[in-house]
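A short write-up of the structure that comes next.
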Amino acid sequence: MKIKKRFWIPLAILVAGFLIPDPGIIPVAGASRSDWHADTFWFEPWGSSVTHKGIDIFGNKGTSVIAAGYGIRLFEGTLPKGGKVLIYLGPRWRIHYYAHVDSFATSPHWLVSPGDKIATLGDSGNAKGKPPHLHYSLVTLIPYPWRIDQSTQGWKKSFYLNPVDHFD
Ligand SMILES: [Zn+2]
């Protein structure tokens with residue numbers, strides 16, 4: 001079967017995304033599995049979002065926020081809910097979303113490796129008035145329909161992954 005060239009190139013790019021190693025580390029320096037609540041992922045009710053599609057890692061304001069994996073920066077700026085946020089595209093076509101940070105790392109970080117400092121932990125956006133924490137979400141652009149379950153908004157689990165499952 002002959003596949004046209006215009007299909008080969010995107011296909012090669014798509015496949016390449018799966019060939020990059022994808023280690024996952026907890027994106028707050030010095031944090032451990034005791035720094036988030038066991039049921040933080042998909043906690044409900046969660047305001048206008050209905051369910052909490054990520055994990056909240058608590059820590060002291062100013063603690064280093066580090067890249068959870070390899071990534072290409074897509075966005076660094078301010079959003080209404082997330083406050084100061086960073087968005088990276090990582091291996092396996094996954095989006096890494098970091099929110100409520102206090103400040104961004106000063107050096108240019110458009111390409112990051114696991115453990116690179118990208119920001120400091122804070123309480124920006126709708127975390128204002130709450131204990132400082134990093135909100136971290138891991139989203140796959142390629143849906144995993146087998147992850148859908150009967151929970152509220154369960155179909156969204158084909159996109160929003162539980163980050164805890166991906167920490168080494
Ligand atoms: Zn959160």
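Whatever order the structure lists them in is the order used to number ligands and atoms, beginning at 1.
With respect to the Zn ion (ligand 1), Asp56 has OD1 as its nearest N, O or S atom. The atom name of the N/O/S atom in His135 closest to the Zn ion (ligand 1) is ND1.
One N or O on the side chain of Ser158 and one on the backbone of Trp155 form a donor-acceptor pair closer than 3.5 Å. Between the side chain of Ser124 and the backbone N or O of Lys84, at least one donor-acceptor pair lies under 3.5 Å. Using modelled atom types, one side-chain atom of His133 and one backbone atom of Pro131 make a donor-acceptor pair closer than 3.5 Å.
For the Zn ion (ligand 1), the set of nearby N, O or S atoms under 2.8 Å includes one belonging to His52. Between the Zn ion (ligand 1) and His100 there is no N/O/S contact shorter than 2.8 Å.
Between Trp46 and Phe41, the distance separating the two ring centers is not shorter than 6.0 angstrom.
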